[in-house]
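Lettering follows sequence order; numbering is per chain, from 1.
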Protein chains: 2
Amino acid sequence: MSPTTLDEETWGVRTLMGVHDLYTRLDQVVEEVNIDPPLSRNARKLIVSIPFPRKMGELADTLGVTKPAFTALADDLEKQGTLRRERHPDDRRAWLLALTEQGETARRALMLQANHFVQSVTGLNAKDQAELTRLLDVIRETNGNTECPYS
Amino acid sequence: MSPTTLDEETWGVRTLMGVHDLYTRLDQVVEEVNIDPPLSRNARKLIVSIPFPRKMGELADTLGVTKPAFTALADDLEKQGTLRRERHPDDRRAWLLALTEQGETARRALMLQANHFVQSVTGLNAKDQAELTRLLDVIRETNGNTECPYS
DNA sequence: TCCATTTAGTTCAGAATATGAACTATTCAG
DNA sequence: CTGAATAGTTCATATTCTGAACTAAATGGA
């Protein structure tokens, strides 16, 4: 039996390490999905996060990067034809990002396989998988991080 | 109620986005913990992943980076006095990484607050939090990614 | 109504982190 | 015993990132 340290036993530590592990392995599996044109890790995360046009600042927060880094990523994807910038209807400082048809196609390619590769990474039975999904939904709702159209 | 697209509804998509969201926000909260000496994002992930000496190749996989990138990170932390390299007892190609006293102190600083910041990010009640922890434990065990001393 | 402050996104210089190829040393399987 | 595979390192280069400073626009308080 492996030796344990005091902090190995806390639920906070196990959650932290478990989330990190799951995230890393999902990331690796998602990376194996062939998309045309090929997308970087950040690009894949971004297109998944755009089910409808969203503000750039919000999306930067969603990805966990600063605005300058996000601007560069958006520039690349705009040049590539994967997304486009749109003016915000109410705030002339702000821009929305929307996927082009090409971007929607790439997003759909990822989404259609999501069930498969989540299952392959988690290895959970259907009941536990449903429970995990529910808990993650609750966490996102608690923090107002569900996607909503701007309004 | 927000409009949904077809793929927004699948449990795979919700899990993928939920894990990404939770990971990003845990990462941001962990980043706010003051540690002496200051540690980069990868360094914090690394010391958390070393409850006992572990092989470099394994740890590179755990962090989701290539071996060259991992070598550089280990070099920096070794220079800084946070960890040290040890010879593998059975395999002269392999190196183990172990935390120094300084590294253990930094790790403990993170671990002691893990419960608090996991709670602050997830916002779950005790029952749901226990269930989330259990599910993440199951996922790690399923894939042989629980920490074990080499043997 | 005016104005100081704040916010959204961009540009820039530079830092941090990453990869693939090629390498050495070592292990393993046939 | 030997060829193939593995563990980690070095190197050149690519990718991604940040903070400061900026412009344009919105906001709130006097």
Side-chain angles (χ1 to χ4, degrees), chain A residues 20 23-24 27-28 30-32 35 37-47 49-50 53-80 82-98 149-151, chain B residues 20 23-24 27-28 30-32 35 37-47 49-50 53-80 82-98 149-151:
Chain A
H20 179 260
Y23 174 86
T24 301
D27 207 53
Q28 284 164 352
V30 168
E31 188 157 345
E32 289 165 19
I35 296 175
L39 296 174
S40 69
R41 175 181 290 179
N42 269 355
R44 283 192 307 275
K45 286 175 195 167
L46 180 55
I47 70 174
S49 304
I50 309 182
R54 292 182 66 194
K55 287 173 69 174
M56 290 181 67
E58 265 186 34
L59 288 164
D61 288 342
T62 295
L63 257 64
V65 298
T66 59
K67 285 178 169 168
F70 189 83
T71 294
L73 176 63
D75 284 350
D76 289 344
L77 290 170
E78 188 174 36
K79 256 184 216 118
Q80 193 185 46
T82 299
L83 59 73
R84 65 177 181 272
R85 282 175 166 90
E86 294 176 353
R87 301 307 301 260
H88 193 288
D90 303 324
D91 184 343
R92 293 197 288 186
R93 296 170 299 178
W95 289 89
L96 304 175
L97 292 189
Y150 60 87
S151 60
Chain B
H20 179 261
Y23 173 87
T24 300
D27 206 54
Q28 284 166 351
V30 167
E31 187 156 347
E32 289 166 18
I35 295 176
L39 296 174
S40 69
R41 175 181 291 178
N42 269 356
R44 282 193 308 274
K45 287 173 192 168
L46 180 55
I47 71 173
S49 305
I50 310 182
R54 293 182 67 192
K55 288 172 68 173
M56 290 181 67
E58 265 185 34
L59 288 164
D61 287 344
T62 295
L63 257 63
V65 298
T66 59
K67 287 179 168 172
F70 190 82
T71 294
L73 176 63
D75 284 351
D76 289 344
L77 290 171
E78 189 174 36
K79 260 187 212 113
Q80 194 185 47
T82 299
L83 60 72
R84 66 180 180 272
R85 282 176 165 89
E86 295 176 353
R87 300 309 299 264
H88 194 287
D90 304 323
D91 185 343
R92 292 196 287 187
R93 293 169 299 178
W95 288 89
L96 304 175
L97 292 189
Y150 60 88
S151 60

Whichever of A:Asp91 and A:Arg41 has its nearest DNA chain C nucleotide further upstream toward 5':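 Checking each residue's closest nucleotide, the 5'-ward one belongs to A:Asp91.
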Whichever of A:Met56 and B:Leu73 has its nearest DNA chain C nucleotide further upstream toward 5'
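It is A:Met56, whose closest nucleotide lies nearer the 5' terminus.
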query: When all nucleic acid strands are considered with a 4.0 Å heavy-atom cut-off, which category describes B:Ala94: base, sugar-phosphate, or nothing?
result: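 The answer is sugar-phosphate, as B:Ala94 gets under 4.0 Å only of primed atoms, P, OP1 or OP2.
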* Under 4.0 Å between any heavy atoms, over every strand shown, what does B:Arg85 touch: base, sugar-phosphate, or nothing? Just pick one. =>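 If one applies the 4.0 Å heavy-atom cut-off, B:Arg85 turns out to touch the sugar-phosphate alone, with no base involved.
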Next item on the list: Evaluate the side-chain proximity of A:Arg44 to A:Glu31: yes if any heavy-atom separation is below 4.5 Å, no if none is.
Entry: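 Side chain of A:Glu31 against side chain of A:Arg44, heavy atoms only: contact under 4.5 Å found.
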Side-chain donor/acceptor of A:Arg54 to backbone N/O of A:Ser49, under 3.5 Å
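Such a contact is found between A:Arg54 side chain and A:Ser49 backbone.
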Whole-Å distance separating the [atom1] atom of [X] from the [atom2] atom of [N]:
X	N	atom1	atom2	answer
B:Asp61	D:dG8	CG	P	10 Å
B:Leu77	C:dT17	CG	C1'	13 Å
B:Lys55	D:dT6	NZ	P	11 Å
A:Arg87	C:dG9	CZ	C1'	11 Å
A:Gln80	D:dT15	CD	P	13 Å
B:Phe70	C:dT19	CZ	C1'	16 Å
B:Lys67	D:dC11	NZ	P	19 Å
A:Leu46	D:dT16	CG	C1'	14 Å

Passing candidate, side chain to side chain contact (heavy atoms under 4.5 Å, CB included) with A:Leu39, options A:Asp76, A:Val30, A:Ile47:
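One option only clears the test, and that one is A:Ile47.
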Point to revise | Single hit among B:Thr62, B:Leu97, B:Asp75 for side chain to side chain contact (heavy atoms under 4.5 Å, CB included) with B:Phe70 | key: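 Testing each of B:Thr62, B:Leu97, B:Asp75 against B:Phe70, the sole residue satisfying side chain to side chain contact (heavy atoms under 4.5 Å, CB included) is B:Leu97.
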Could you give the distance from CH2 (A:Trp95) to CZ (A:Arg87), rounded to the nearest 0.5 Å?
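With rounding to 0.5 Å, CH2 (A:Trp95) is 4.5 Å from CZ (A:Arg87).
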Return no unless some side-chain N or O of [X] is found under 4.0 Å from OP1 or OP2 of [N].
X	N	answer
B:Asn42	C:dA18	yes
B:Ser40	C:dT17	yes
B:Thr71	D:dT9	yes

| query | With nearest nucleotides of DNA chain D determined for B:Asp75 and A:Arg93 from heavy-atom distances, which residue corresponds to the more 5′ nucleotide? | reply |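 It is B:Asp75 whose nearest nucleotide is closer to the 5' end.
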_Please pick, from D:dC11, C:dG9, D:dT18, the nucleotide with the shortest atom-to-atom distance to any side-chain atom of A:Pro68._
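Of the options given, the side chain of A:Pro68 lies nearest D:dT18.
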